[in-house]
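For reference, the structure I am asking about is given below.
Side chains are part of it too, since the values below use all heavy atoms of this structure and drop only hydrogens, waters and symmetry mates.
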Amino acid sequence: MRTSSKITGAAILILLVISSLVWTAAIHADRRGMLTVSFLNAGKSAVVFIDAPSGRKVLVDGGSDASVLRALSKVMPWYDRWIDVVIAAPPDAARTTGLIDVLQRYNVARAFTSSAQGSGPVMQTFERSLADAKGQGTNVSTLRRGQGIDLGKGAYIEILFPD
């Protein structure tokens, strides 16, 4: 057998082993229909991450810096770059700065903001990030009192006081 055939065979074997390890990790990451709520430490504020029984993921607030990305890596699989709902409740830098990084790193299906208006350079950057995400297909809307966000399999979020 030629050396190049041995190298090709070894490379294919290594790729098969790596592929099986990735699929094993993906299968074991399944939460089996459980509702999981995680409170993450992200800078000066707490961030709430919800993993619904249907598999939908919700992030409420983003913290005061990019440490939310490190916190998310502890509750989400490394290969998952999709968040179904992002909620930016209060318009202040202490809770929305991290969402700028989240919107750049993750694909977000829906983003909700408060009707209250924030000011300052951080809020302007956040608004630009929201506009960019909207251009990439994110549905951006304003929270309303009594609004429900369906998470599937009987789980939902009811908005009580969005302002």
### Query
Same hydrophobic cluster for I18 and L16, using side-chain heavy-atom links shorter than 4.5 Å among ILVMFWY?
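Different hydrophobic clusters.
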### Task
Report whether W82 and V86 are members of the same hydrophobic cluster (ILVMFWY, side-chain heavy atoms less than 4.5 Å apart, transitive linking).
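Different clusters.
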### Query
Of the non-hydrogen atoms in V75 and S38, which two are nearest, and what is the gap between them?
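Distance-wise, the nearest heavy atoms are CG1-OG, 3.8 Å.
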### Query
Is a side-chain donor or acceptor of T138 paired with a backbone partner of R110 at a separation under 3.5 angstrom?
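Checked: no pair found.
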### G152 backbone acceptor or donor facing D150 side chain under 3.5 Å
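Such a contact is found between D150 side chain and G152 backbone.
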### Message
Test: side-chain hydrogen bond (donor to acceptor under 3.5 Å, both in side chains). Region: residues 93-102. Which pairs qualify, not counting sequence neighbours?
### Response
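Listed once each, the pairs would be none.
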### Query
Do NZ/NE/NH1/NH2 and the carboxylate oxygens of D80 and K57 come within less than 4.0 Å?
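Counted as a salt bridge, because a side-chain N and a carboxylate O are separated by less than 4.0 Å.
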### Query
For Q124, does its backbone N or O pair with a side-chain atom of E127 as donor and acceptor, under 3.5 Å?
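It does not hold such a pair.
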### Message
I'd like to know if I149 and Y156 are part of one continuous hydrophobic network [Ile/Leu/Val/Met/Phe/Trp/Tyr, side-chain heavy atoms within less than 4.5 Å].
### Response
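Shared cluster, no.
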### Query
Same cluster for L35 and I159 if Ile/Leu/Val/Met/Phe/Trp/Tyr side chains link at under 4.5 Å?
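Yes: a chain of side-chain contacts under 4.5 Å links L35 to I159.
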### Listed partners of T125 passing side chain to side chain donor-acceptor pair (under 3.5 Å), at least two apart
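In terms of side chain to side chain donor-acceptor pair (under 3.5 Å), with neighbours along the sequence ignored, T125 is linked to R128.
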### Interatomic distance, I12 atom CD1 to I7 atom CD1 [nearest 0.5 angstrom]
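These two atoms lie 12.5 Å from each other.
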### Message
Can a donor-acceptor pair be found, under 3.5 Å and without considering hydrogens, that links the side chain of S19 to the backbone of L15?
### Response
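Such a contact is absent between S19 side chain and L15 backbone.
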